Trainee: 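Here you go, one structure.
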Amino acid sequence: MVRITSTRLYLQFLRRSPAECTSKAIKFHSDIKIVEVGPRDGLQNEPTHVPTDIKVDFINKLSETGLTSIETTSFVSPKWVPQMGDNAEVFKKITKKENVDYPVLVPNIKGLMSALEVGAKEVAVFTSSSEAFSRKNTNCSIEEGITRIKEIIDVSKEYNLRVRGYISCVVGCPYDGFIHPLAVTKVATALLELGCYEISLGDTIGIGTKKTIYNMVKDILNVTKPENLAIHCHDTYGQALTNICTALDLGVKVVDSSVSGLGGCPYAKGASGNVATEDLVYMLHGLGATTGVDLKKLIEAGHFISTVINRPTASKVNTALHSKYFL
Ligand SMILES: CC(C)(COP(=O)([O-])OP(=O)([O-])OC[C@H]1O[C@@H](n2cnc3c(N)ncnc32)[C@H](O)[C@@H]1OP(=O)([O-])[O-])[C@@H](O)C(=O)NCCC(=O)NCCSC(=O)C[C@@](C)(O)CC(=O)[O-]
């Protein structure tokens, strides 16, 4: 807590405009891009099957909120993640808006080919900074995973596809425990060298704190600029917003989130959803940042999906504002 020791200092403090009291990074980077991962990261772990048309309606509603990137589905093995088994149908059926990107997650060349067939323009590849998680999630080592990613990127270049890279377990792993920042920097360097335009740093089990997130991002900034990074925080321990602010303070300007806080990873038992997009937008707007997102429409989309999957929203902002806006 700041202790004000003299009346003069106290008066100076009171005279500061609200903008001066905001996070450093927000002042320097007022445009924050949100990558909505609810339809993919959010729904992939849902135990009951969500009908394709519901997924399509959900994505269409998200497309109307002002979000500019919506991760739509994943072209992974349906044996591993059955919920994403209707990937092609979902992708083909959604109404694509010109100013919105619809990236899809792919684990290998087979997934990439399916994504190309339906006309995806951007793919996301994924690996981990933890060896054990890599094996659980993709049945291969980190090194083998990076070889698969190289194959994906080589083909993607021929088709002018943008490739975003995810790294999971950037501060901790459910199997390997604490992850050293150097392990993350090593994988991030490899993905950037291969040609990923952005690396999304995933705190898969939401175990990060201000300190561990700071140390991890700071270390990666030895090899790349903040413009090449995104932060992806699950909220298992309620630290997501704080951790996101920590990354923003270091210059990161892209944040992943899931409307209504949907989600969890099928290979990280107990991991809860991503930070809720509604909570993120509320926080960013409160800091004076621009996101282009209409909070009211977002709340409606979050309420829609929570209702159809029969799950209370994990967004505090949605809980607080839904009745005010809609009842
Ligand atoms: C990578 C594999 C495929 C390896 O799985 P495998 O079993 O080693 O692969 P395989 O090559 O032996 O294939 C097994 C079967 O899957 C099929 N197959 C193989 N590939 C595909 C494909 N692309 N699309 C459709 N089918 C596929 C393949 O054809 C074969 O079918 P069969 O001959 O038995 O009938 C598997 O482990 C997999 O799909 N893993 C994905 C797991 C996943 O989706 N996890 C969640 C996403 S990552 C995440 O959530 C974290 C993140 C990104 O959000 C960030 C964070 O929070 O940390």
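Being a predicted model, the structure only gives us computed values, none of them experimental. Whatever order the structure lists ligands and atoms in, that order sets their numbers, starting from 1.
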Trainee: Is Lys79 close to ligand 1, meaning an N/O of one under 3.5 Å from an N/O of the other?
Mentor: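 N/O-N/O distance below 3.5 Å exists for this pair.
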Trainee: Can a non-hydrogen atom of Arg148 be found less than 4.0 Å from any atom of ligand 1?
Mentor: yes
Trainee: Is a side-chain N or O of Asp279 found less than 3.5 angstrom from the main chain of Val317, in a donor-acceptor match?
Mentor: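 Checked: pair present.
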Trainee: Considering only heavy atoms of Thr138, which atoms of ligand 1 have at least one such atom less than 4.0 Å away?
Mentor: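 This gives 1 (C), 4 (C), 37 (O) as the contact atoms.
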Trainee: CD of Glu122 to OG of Ser156: how many Å apart, nearest 0.5 Å?
Mentor: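 OG of Ser156 is found 10.5 Å from CD of Glu122.
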Trainee: Pairs of nitrogen or oxygen atoms closer than 3.5 Å, one from Ser74 and one from ligand 1: do any exist?
Mentor: no
Trainee: Near Phe75, which atoms of ligand 1 are under 4.0 Å from a heavy atom of that residue?
Mentor: 22 (C), 23 (N), 24 (N)
Trainee: For ligand 1, is there an N or O atom under 3.5 Å from any N or O atom of Asp41?
Mentor: yes
Trainee: Compare His232, Lys110, Met113 and give the one whose heavy atom is closest to atom 21 (C) of ligand 1.
Mentor: Lys110
Trainee: Does the Lys NZ or Arg CZ of Lys121 fall within the cation-pi geometry relative to Tyr102 - under 6.0 Å from the ring centre and within 45° of the axis?
Mentor: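 Pair Lys121/Tyr102 does not count as cation-pi.
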Trainee: Distance from Glu300 atom CD to Leu62 atom CG, nearest 0.5 Å?
Mentor: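 Nearest 0.5 Å value for the CD-CG distance: 11.0 Å.
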Trainee: Given Ile309, which partner from the list Val50, Ile54, Thr48 fulfils the side chain to side chain contact (heavy atoms under 4.5 Å, CB included) test?
Mentor: Val50
Trainee: Going by the atom numbers of ligand 1, which of them fall below 4.0 Å from some non-hydrogen atom of Leu105?
Mentor: 47 (C)
Trainee: Atoms of ligand 1 less than 4.0 Å from Gly111 heavy atoms?
Mentor: 23 (N)
Trainee: Can you list the ligand 1 atoms lying under 4.0 Å from a non-hydrogen atom of His234?
Mentor: 57 (O)
Trainee: So, are Asp154 and Lys150 salt-bridged, with charged N and O less than 4.0 Å apart?
Mentor: yes
Trainee: Taking 4.0 angstrom as the limit and counting only heavy atoms of Ser168, give me the atoms of ligand 1 inside it, by number and element.
Mentor: 51 (C), 55 (C), 56 (C), 58 (O)
Trainee: Can Pro78 be said to touch ligand 1, with heavy atoms closer than 4.0 Å?
Mentor: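 Right, Pro78 reaches ligand 1.
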Trainee: Ring centres of Tyr166 and His232 under 6.0 Å apart?
Mentor: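 Here the rings of His232 and Tyr166 have centres that are less than 6.0 Å from each other.
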Trainee: Counting only heavy atoms closer than 4.0 Å, does ligand 1 sit against the backbone of Arg40, its side chain, both, or neither?
Mentor: side chain
Trainee: Using a 4.0 Å heavy-atom cut-off, say whether Val76 meets ligand 1 through its side chain, its backbone, both or neither.
Mentor: both
Trainee: Quick one: does ligand 1 sit under 4.0 Å from the side chain of Asn137, the backbone, both or neither, non-hydrogen atoms only?
Mentor: both
Trainee: Using side chain to side chain donor-acceptor pair (under 3.5 Å), reason through Ser168 and Ser128 one step at a time and then give a plain yes or no.
Mentor: CA-CA 4 Å; Ser168 289; Ser128 171; 5.4 Å; no
Trainee: Only one of Arg40, Arg164, Lys33 forms a salt bridge (Lys or Arg N to Asp or Glu O under 4.0 Å) with Asp256, so which one is it?
Mentor: Arg164
Trainee: Number the atoms of ligand 1 from 1 as they appear, then name those within less than 4.0 Å of a heavy atom of Pro107, with their elements.
Mentor: 1 (C), 23 (N)
Trainee: Would you mind listing which atoms of ligand 1 come within a distance below 4.0 Å of any non-hydrogen atom of Asn108?
Mentor: 3 (C), 19 (C), 20 (N), 21 (C), 22 (C), 23 (N)
Trainee: Is the Lys NZ or Arg CZ of Lys316 less than 6.0 Å from the centre of Tyr282's six-membered ring, within 45° of the axis?
Mentor: no
Trainee: Answer yes when Arg311 and Glu46 have at least one side-chain N-carboxylate O distance shorter than 4.0 Å, and no when they do not.
Mentor: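 Looking at Arg311 and Glu46, the cut-off is met.
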